[in-house]
Structures are given as structure tokens and as C-alpha cells.
Amino acid sequence: MDEQARAILQRILRKLPSKKTPSTLRAWGCLSAEQLEDLDYTQPKWLLLENLISKCEESGLRLKDVTKLEMVYHIENPNQGKWHAFKLTEPEDEAVSVDFTQFKEMFVAHLEEVVQHVSIRMKKQEDGAVWIRMAWGDNLTRPNHLKPTYAVHYLQTPYVFILNLSAKHKPFLYQALVLSSRHTSINEAHLSGRSLTAMRDLLMKQYQQVFPNQERTLKERNAPPSHPNIEKEHAESAERTHQMACEAFGDGTVPKLETAVYKLETRYRGSSNDTLSDRDELFRGVVKFSSPNLLESLRHCVSTGMAEAPVTPLLSSITQKGRNYFVIAEKAPGATSQTPAR
Amino acid sequence: MEGRVSAVNTPAHTRLTRRKSYGRNCMESPVVFWQTPGHLTTLGTRIPTSRGAARSRNITSKVDPEQLALLVKHEWKLAYVTPLYRFQHTQLKLYSKHLTAFILAEKQQGVAIEVGLEAGFKVTLSTIHGMAETEEDAETVFIQIHSKPTFGADALKPVWRGWLTCVNGDGEYLRSLPPDFVSLPLFCSSGSESLTSLVRVWFERTFDCNFGSLFLNSTTLNWLAALWTGCHPTSNIRFLKLSWTMPTQPSLDIMYTVNPQDAWELWNSIHTEDSAEGRIHIDEVQRFMNGLETHFFRHFKIYLSAGTLTKVATSLGSAHHEGKIKIGSSDYIDTLLTLLTECALHRTPV
């Protein structure tokens, strides 16, 4: 066990809650059941670490085994660190038939061709996610296992999620992903957050969606003038706002996004009697929404009337386009409509 | 339905008398929603509707820059203080000794004895000359607590800071105080909560005064947003950051960062220079904030008025509605302290 292996082991053990430690070590599968029985998980972590290291040495485990444990930890805790979403575009005809073995072979080959020292570990999960761990070195240095990059790709979908990617390694990883998944290019999806699962659910629409009710829209269009029974009218209107809130942000449990950022490069739209309304220059600013569960907050905001229904396209674009970073620009000089641009 | 029947059956004259008595109650004790009974103030009716625009004052020529630097960068927790009885700026050395002894005694008898670094304390009180703006303002008092390491000859480590100040305090009120009282209504502290409360207790016992927490309402924050934005041409404010919290479940934070130049142009289009010697009127402040909120609404259709304005920040400083401030630069420090002195005086029970 070298220094790097010790450091990685220490880092994982520190992050793991004591309760979860035995199950994670079992999932790792590098130590025998007896060895795991021997360990006392109630010990202080520094002591447990020493004992764990001696067990690892007993079994002749090495750096590559420890990186496997790190991967197990990340797969079990997909809500750590800041993930960025990417989208592969223009699939080739073969894209639909790429299987895991093919993908793995090609990915490793492409990456090793351009980066001399890179250590790659890949694992396919039951949900179809391919987890890739990359430790980078350069021409002269060995791969640095303390700063690995993680990428998660769902085969046969255009989505890739990446954690800890430096600008230096970006082009290499992009190219390897594009070539091995049989696509033509890859773009940033302008979606980022701590929760990989939430971002996946949002992009793959794996949450309870509500679609505009045809009947309701028709009824509204032919609605008779205001109802005399105010109470009923209020209930109907409340139900309608709730429905519209759910159409925009989903029903039930929604993907747990934390933030959404809008860069505003639009003209001033304040009160009409301000002289600034006439000027041509843009009124620049950045709006950041944050909440423990952004979509739930926004849904509540609309259904309680703190925001006007129907929901503005700016906010509904979060779910509709699966993004949480937008640049809002003026569509054309003089146009007043707001469209999420770029 | 039942209520309606009984209303019909009630003789007309009883209803009339009852209504009359309600009316009298209203006249006798006006319901002022921001004041709790017993906290009526003499200043309550004198909330200014206009104030002087922030002007760059070369404060370093009046105040020692080193002392000024002590006030910048830290986050200060605000409190109001009632006038101090028999406080004398000439006795600060003696007060330092007493306060040191008091803190040591309290720390030793309490359960929370911190072994090691905090075994010894050294308290210094000093005057920051030149902060006062008017004849009536008392000079600012700065308190610093250092911990003395028990081992080795390491330098003293500052563990707590606080200051009491009065800038442009209401002259009429200050003149009306009995001669033995000194008013330093604004107390700012930075450091552990336990030391803050020890300092408070010592002041309360020694000068027969009272401390209370000071919150900043949205009007105060609006004033700051406008005053700071007005500084932009002379001192780059770098950004105007406004934060709201919406009462949704879970709660939603909205942070709106406005480009400083654009914010200033909006302010400039609302504020007319020629209005009474560079004074700013509350209406202008409201229109400025409304302008920003409307611009936001046109994009997101969210009524910010349903939420609470929690924070205003520029590079000159920041203010949080829970009563926390940061002073980013010593320029315009008097504008901020004038406003806060006023808030503190309004909160002071009489």
C-alpha cells in the first residue's frame, strides 16, 4: 500500500458515516467476510483506518483495489460534489447498437491514444449507467489518483454527467466520449447541481409530469362569463393555478435541483413612467434562485399565487429544456417577447 | 347563518353602544404594529422622509486610518443601547481593568471554562476620535478582547471586537438627556456570543443601561440600496445585490445582482439632482426599488412583495435584515452609521 492508496482510503473512510461503512466495504468485495467481521466499526476512524490498512496489506491489496472502493463510494453517494450535464448530438446510425463491451474497448483505446498516462476504471450499473473513473497524469508523471474525474453515461441516451473535469483534460474526454458512443459532437447542457439523480430524472423526464388537460383548455375557451357563486369560482381558479404549477414543475416528488441562474441581457421593463424605459441599452443583471428543492419551491410559489399563472416560459424552461443556466437576451431590437436564448 | 339570525335579533341600541366603545378604544390606544406596548418612543413620529445624499468625505483626514481599518471587513452584529449613566471617556483605562476582571471572574465560575488559549484575557477600551459628526454625538468607543496564551511568549490573539457609536444622532433627543447620561445608541460586535453577552452584562450593570437586538426593516434596506447606488459615479460600487426570501415550502431564496452602471442610471432617471440641495426623498427610494421589482416581475412573474427583502449589498458594504452589517470600505461610512444610529434610537425604549 503506497501513500496514494492510504490517502484515498483515509478520505473515503472520513466521508463515510460509521453506520454505512460495513455495507460499503462489503459492496467493495475485496476483503473476505471474516476480515470484515474482524473489524470494529465503533472504533475511532483513525484507528479503524489503521486496522483496515493492515487487513488490506494482509490480502495484498493495492492502489487499483482502493480506487475501486472509491468508485463504489461515489456510486452509492451520487449526491456529492458538483456535477455538470452534457449532451451528445448527431448520433451515427450505429449509436443505437453500442453495447457496454464495445463502448469500453473504444473509450479506453481512444483515451490512451491521446493521453500517455491515464488510469481508467469502468463499471456498468443495473440501471444502465456506465460509471467511468479517470485518473490523469501527463507525459512524465504517473496518474494522480487523488484528483480523479468521474463521468456517468447512460448508453443509448445522449446524456453524460461529469464530476471534477479540468479544462486541460476536457478535449480528451470529449473526444473519447463522442467517438466511443458513435456521436458527432458533445455540448454543455447548462445544467449543474449536487444531485446526479435529480439531473438524470429531470433530463430523462423520470418524474410525474402533468400535461395540459385538453378538456380544461377547451372548457376555458368557451367559458361562460364569471360565475355568480364566488366560492366555487375561487376553488376552480385555485385548482387551475395548481394544475398549471404542476404542468410546469411536475407533480408529487420532483427532481431535487438546488439552483437556477439567469443572466439577463434585456431592456429595462420597469414602470412605464420611468425615463429609462425608452433607452436602447440593456439592463444587465443576474438572477439566482436557490432552495433545498427548487422545483418544489417554484410549484408552491405558483400554486399559492406568489407568482402569476400561467408560469412564464423562463421558469418552465427548467423542466422543459432540462437546464438551470440561461442567458436571456433580447430576441430582436424592439421585440418584447422573452425567450431563453442560446 | 346562525350569526346572521342573532344579529337580526339583537336590539339596535346595544349594537350601537358596542360600536361606539370600539371606536373609543381605537382612539385611546393607537395600534402601532411595529411597537410593543411599553416601547413607545419619543422618536417614533420622527422617521425622516428625506435625507442627505451620501457624499464622499475624506474620513481618513479626521479619523486615524489604523483605527478605521478595525471597523472594515468584519461582520458586525447590531444592537441598540439605552443611554449610559455616568460613562466618562476619560475613564476608559479603568473600565478596561474592570471589564477584564469581570470577564475572568465570570469565565472561572461558569461551567464553560475553556482550557488553554483562553485562560487569560486582556480587554482594551479606546476612543476612536473623529467619528462623531455633530456637537451632540459622543465619540465612538472601541472594545477589543485579546486572549493571552498560557504557554510561550506568543503574541496576543484578538478574539472579540465591539464598538459603541453615535453618528448624526437626533440633536433634539440628545440635548434632552439629563446631564449624567451619554448616548452611544449603536452597538456592533464581532466574536463569540458568550463574550458578547459578558460585555453586555458588564455595561448594563456598570452604566445602568439596556441592550436589545436591532433588526433592519425593509425601509432601511431600501434606503441603503438607493444611497449606495447613488455613490457609484464617485466610488465604484461594483454590484448591487438584493436578496429576497419567499415564504414557499421549502423556502426560496432569490438573489438579484444588478450591473452597477445600469442600477445607477435607473437611480439617476428617478432622482432629480435639483430637488432641495442634494436631498433624497423616500418616494424616490420607493420608485427605485419598485422599478427593480417590476423589471424582475416582467421576467419571472413572481411577486417579490410576497417575500422579505433580506439583504442589500454593494462593494461599499452589506446589511442583513437580521441586524448584521459589513463595512466594505471606509468611504461613505458616515452615511451607513447615520442611518443605523437612527434605527438604534428608534428602537430605544424611553
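The sequence lines fix the lettering, A, B, ..., with proteins before strands; numbering per chain opens at 1. Just so it is clear, the structure is predicted and the values come from calculations on it, not from any experiment.
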Chemist: Should we say atom NZ of K256(A) is surrounded by more than 12 heavy atoms from elsewhere, each under 6.0 Å from it?
Modeler: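 Atom NZ in K256(A) is not crowded, with 12 or fewer foreign heavy atoms closer than 6.0 Å.
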Chemist: I'd like to check the salt bridge (Lys or Arg N to Asp or Glu O under 4.0 Å) partners of E296(A); sequence neighbours left out, ordered by chain and number.
Modeler: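 In terms of salt bridge (Lys or Arg N to Asp or Glu O under 4.0 Å), with neighbours along the sequence ignored, E296(A) is linked to no residue.
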Chemist: Q243(A) and E239(A): side-chain donor and acceptor closer than 3.5 Å?
Modeler: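 Short answer, no.
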Chemist: Using a cut-off of under 4.5 Å for heavy-atom pairs, which of V258(B), T248(B), T294(B) has the most such pairs with chain A?
Modeler: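 Sorted descending by pairs with chain A, the first entry is T248(B).
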Chemist: Can you name the salt bridge (Lys or Arg N to Asp or Glu O under 4.0 Å) partners of D253(B), sequence neighbours left out?
Modeler: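 With sequence neighbours excluded, D253(B) shows a salt bridge (Lys or Arg N to Asp or Glu O under 4.0 Å) to no residue whatsoever.
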Chemist: Return the option, out of M255(B), E293(B), K241(B), with the maximum number of heavy-atom pairs under 4.5 Å with chain A.
Modeler: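 That would be M255(B).
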Chemist: Is it the side chain or the backbone of F239(B) that comes within 4.5 Å of chain A heavy atoms, both, or neither?
Modeler: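 For F239(B), there is no contact with chain A at all, as no heavy atom is under 4.5 Å.
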Chemist: For T304(A), is it the side chain, the backbone, both, or neither that has a heavy atom closer than 4.5 Å to a heavy atom of chain B?
Modeler: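 Answer is neither: T304(A) stays 4.5 Å or more from chain B.
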Chemist: Hey, which of L242(B), I302(B), N290(B) has the most heavy atom pairs under 4.5 Å with chain A?
Modeler: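 Heavy-atom pairs under 4.5 Å are most numerous for I302(B).
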Chemist: Please tell me if the side chains of L257(A) and N293(A) come closer than 4.5 Å, counting only heavy atoms from C-beta onward.
Modeler: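 A side-chain contact is absent here, since even the closest heavy-atom pair is not under 4.5 Å.
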Chemist: Who wins among L264(A), T259(A), V261(A), L294(A) for the most heavy-atom pairs under 4.5 Å with chain B?
Modeler: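 Of the candidates given, the most pairs with chain B belong to L264(A).
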Chemist: Should W264(B) and L240(B) count as side-chain neighbours, where that means a heavy-atom distance under 4.5 Å?
Modeler: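 They are not in contact (no side-chain heavy atoms under 4.5 Å apart), so the answer is no.
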Chemist: Identify which of D262(B), N268(B), N259(B) forms the greatest number of heavy-atom pairs closer than 4.5 Å to chain A.
Modeler: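 Result: the option with the highest number of such pairs is D262(B).
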